[in-house]
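So you know, we letter chains A, B, ... as the sequences are listed, proteins then strands, and number each from 1.
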Amino acid sequence: GENVEQHPSTLSVQEGDSAVIKCTYSDSASNYFPWYKQELGKGPQLIIDIRSNVGEKKDQRIAVTLNKTAKHFSLHITETQPEDSAVYFCAAPGGTYKYIFGTGTRLKVLA
Amino acid sequence: KAGVTQTPRYLIKTRGQQVTLSCSPISGHRSVSWYQQTPGQGLQFLFEYFSETQRNKGNFPGRFSGRQFSNSRSEMNVSTLELGDSALYLCASSSGGGRGTEAFFGQGTRLTVV
C-alpha cells in the first residue's frame, strides 16, 4: 500500500531563515499532495497543495515542489516568523477515498 | 462559509463505556472522513462516508463504527472503550472524497479514556 515518509521530525530555525520539509511517497498513481499545519489544540489546516501536473506552486512565503520521478515533494517556508511554529504534515492519496499522512515535522522558529 | 464542526471538543470516558462523536461538514460537502491522531501512530484513517455510504474503512477493530445522515452530518461510535482509544479524533470534509480532492479538517474531539 501507499507509504509516506517525512523528514525531519523536528526542525529549529532562526526567525527570518528558511525551512524545508521533505516527503517521499510510494504509489506512482498518486496525483495530489497536500500540506497541513497543525497548531497546538487545533485540527490540521490545509496550507498549500500541489497536483502531479505541475512541478512547483507558491503562495506568498510558502512553496511546494514535486519531483514525480523521484517520488518526493517538499515544503519550503521562507522568511520564517514565530507564528510559523507548528507541526506540519504532508499527505498523499492512499488508494481511494483516504489520505496517508507523514509522521509530522515540529517546526520551531526561534526569535 | 462555516468550517467543519466537531462536537464535543473534549470527552472523558471510563473503560468499557461507549462514545459517540459528531461531525458537520462544510456546507455542500458530501464526503466525511474520520482519522485518529495519537502521538505514537500519527494520523490513522478510520473510515470515509459519501451520501450515507461507507466507501472505505481503515484497519481498526469493529468497535469503531460510523454513519452518515442525509444532511451529510456524520457520527462515529466507539464501543467498549479501551485506554488505548485515547486520542484526538478528527473529521475531514471534502466535496467528493476521491483522489485529488481537497480535505478540510475540524478542530477534533479529544477523547480521554480512564
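A/Ile77 and A/Val87 are not part of a single hydrophobic cluster, where members link through side-chain heavy atoms under 4.5 Å apart. A/Ile62 and A/Leu107 fall within the same hydrophobic cluster, defined by Ile, Leu, Val, Met, Phe, Trp and Tyr side-chain heavy atoms under 4.5 Å apart, directly or through other members. With hydrophobic clusters built from ILVMFWY side chains whose heavy atoms lie under 4.5 angstrom apart, A/Phe89 does not share a cluster with A/Val20. No continuous path of hydrophobic side-chain contacts links B/Ile26 to A/Ile47 [ILVMFWY only; heavy atoms under 4.5 Å]. Hydrophobic clustering, with ILVMFWY side chains joined whenever heavy atoms are under 4.5 angstrom apart, groups B/Leu43 together with A/Tyr99.
To the nearest 0.5 Å, atom OG1 of residue B/Thr101 and atom OH of residue A/Tyr97 are 9.0 Å apart. To the nearest 0.5 angstrom, A/Lys98 atom NZ is 11.0 Å from B/Lys57 atom NZ. Separation of atoms OG1 (A/Thr103) and CD (B/Gln41) is listed at 11.0 Å; rounding is to 0.5 Å.
Only the side chain of A/Gln38 comes within contact range of chain B, with heavy atoms under 4.5 Å apart. Using a 4.5 Å cut-off between heavy atoms, A/Pro34 makes no contact with chain B at all. For a residue to count as touching a neighbouring chain, one of its non-hydrogen atoms must lie under 4.5 Å from one of that chain's; by this rule B/Tyr35 touches chain A with the side chain only. Only the side chain of B/Gln37 has a heavy atom closer than 4.5 Å to any heavy atom of chain A. Both the backbone and the side chain of A/Ala29 have a heavy atom closer than 4.5 Å to some heavy atom of chain B. With a threshold of 4.5 angstrom between heavy atoms, A/Tyr36 approaches chain B through side-chain atoms but not through N, CA, C or O. No part of A/Ser52 comes within reach of chain B, as not one of its non-hydrogen atoms sits under 4.5 angstrom from that chain. Proximity to chain A is limited to the side chain of B/Arg9, based on heavy atoms less than 4.5 angstrom apart.
The candidate from B/Ala103, B/Ala92, B/Gly106 with the greatest count of non-hydrogen atom pairs under 4.5 Å with chain A is B/Ala103. Between chain B and the residues A/Pro44, A/Ala92, A/Pro93, A/Gly102, the largest count of heavy-atom pairs under 4.5 Å involves A/Pro44.
Environment of CZ in A/Arg51: crowded, with over 12 heavy atoms of neighbouring residues, nucleotides or ligands closer than 6.0 Å. Annotation: A/Glu79, atom CD; neighbour count of heavy atoms from other residues, nucleotides and ligands within 6.0 Å does not exceed 12. Around atom CD1 of B/Ile12, no more than 12 heavy atoms belonging to other residues, nucleotides or ligands sit under 6.0 Å away. Atom CG of A/Asn53 is surrounded by more than 12 heavy atoms from other residues, nucleotides or ligands within 6.0 Å. More than 12 heavy atoms of other residues, nucleotides or ligands lie within 6.0 Å of CD in A/Glu83, so this atom counts as buried by the packing criterion.
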Check the pair A/Phe101, B/Phe45 against ring pair (Phe, Tyr, Trp, His ring centres under 6.0 Å), reporting the backbone distance first and the verdict last. CA-CA 9 Å; A/Phe101 287 82; B/Phe45 173 76; 9.8 Å; no
After noting the C-alpha distance and the side-chain angles of A/Lys42 and B/Gln107, does the key distance pass the side-chain contact (heavy atoms from CB on, under 4.5 Å) rule? CA-CA 5 Å; A/Lys42 297 185 178 181; B/Gln107 298 279 53; 3.5 Å; yes
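Heavy-atom proximity under 4.5 angstrom to chain A picks out nothing from residues 75-87 of chain B.
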